[in-house]
Amino acid sequence: MIKESYSENETFELARSIAENAKAGEIYCLDGDLGAGKTVFAKGFAEGLGITEPVTSPTFTIVKEYRDGKLPLFHFDVYRISDPDEMFAIGYEEYFFGNGVCLVEWSELIEELIPDNAVHIYIRRDLDKGLDYRMIEIDR
């Protein structure tokens, strides 16, 4: 499925609506270039789960836990992972196969660890359609 977004708010709202139907144990992989809108998407996703605390990219911590929503959200940013084995050191399996929802930014860097049933979301810019335009492809 492909959705078009012409603003940060539209991207946020799309993510919120997806998260409203999320279930425990699901993994959402979020990929796109730097500045594509992954953090905006993550904020909307968190709101869709009922999370009220501020959401920021976990670039330097690899994973952030948000537990105040209807389901726990485990937000990964694996941009700085140089070897997938580093994911074992942080106990990724407990998150991926636990009772919450995982949102994994830059998942293509650890694709061999991503389960086959993960939802893949690709955010792409097209400057010919405007600075705020995003094509968001959702592959279930």
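Fair warning: this is a prediction, and the values are worked out from it, not measured in the lab.
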For His75 and Phe45, what are the C-alpha separation, side-chain angles and deciding distance, and is it a side-chain contact (heavy atoms from CB on, under 4.5 Å)?
CA-CA 10 Å; His75 181 196; Phe45 196 91; over 6 Å; no
Could you walk me through whether Asp132 and Ser7 pass the side chain to side chain donor-acceptor pair (under 3.5 Å) check?
CA-CA 5 Å; Asp132 294 326; Ser7 70; over 6 Å; no
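With rounding to the nearest 0.5 angstrom, the CZ atom of Phe74 is 11.5 Å from the CZ atom of Phe96. To the nearest 0.5 Å, the span separating CG on Asp77 from CH2 on Trp106 amounts to 8.0 Å. Annotation: the span from Lys43 atom NZ to Thr11 atom OG1 amounts to 12.5 Å, rounded to 0.5 Å. For the atom pair OH (Tyr66) and CG (Leu71), the distance works out to 16.0 Å, reported to the nearest 0.5 Å. In this structure, CZ in Arg80 is found 11.5 Å from CG in Leu109, a value given to the nearest 0.5 Å. If you take CZ on Arg124 and CD on Glu137, they are separated by 5.0 Å, rounding to the nearest 0.5 Å.
Under the side-chain hydrogen bond (donor to acceptor under 3.5 Å, both in side chains) criterion, Thr39 pairs with no residue, sequence neighbours left out. Residues satisfying the salt bridge (charged side-chain N to carboxylate O under 4.0 Å, His left out) criterion with Arg125, sequence neighbours excluded, are absent altogether.
Sorted by first and then second residue, the pairs that involve residues 53-75 and meet salt bridge (charged side-chain N to carboxylate O under 4.0 Å, His left out), not counting sequence neighbours, are Glu65-Arg67.
In terms of hydrophobic clustering, with Ile, Leu, Val, Met, Phe, Trp and Tyr side chains grouped at heavy-atom distances under 4.5 Å, Ile27 and Leu49 are assigned to different clusters. When hydrophobic clusters are built by joining Ile, Leu, Val, Met, Phe, Trp and Tyr residues whose side-chain heavy atoms come closer than 4.5 Å, directly or via intermediates, Ile90 is grouped together with Phe97. Clustering ILVMFWY residues whenever any of their side-chain heavy atoms sit less than 4.5 angstrom apart, transitively, puts Met135 in a cluster other than the one holding Ile123.
In this structure, the side chains of Val119 and Ile121 come closer than 4.5 Å at one or more pairs of heavy atoms. Taking the side chain as every heavy atom from C-beta outward, Glu4 and Lys129 approach each other to under 4.5 Å. Residues Val104 and Leu30 fail the side-chain proximity criterion, which asks for heavy atoms closer than 4.5 Å. Within the 4.5 Å cutoff, side-chain heavy atoms of Glu13 are placed close to those of Asn9.
Taking the six-membered ring where the residue is Trp, His120 and Tyr122 present parallel rings, their angle staying beneath 30° rather than reaching 60°. Between Phe88 and Tyr92, the angle of the ring planes goes over 60°, which puts this pair in the perpendicular group of the 30/60° scheme.
When ring centroids are compared, Phe76 and Tyr95 come within the 6.0 Å threshold.
Between the side chains of Tyr28 and Glu26, at least one donor N or O lies within less than 3.5 Å of an accepting N or O.
Contact between Cys29 and Ala118 at its shortest, heavy atoms only, is SG-CB, 4.0 Å.
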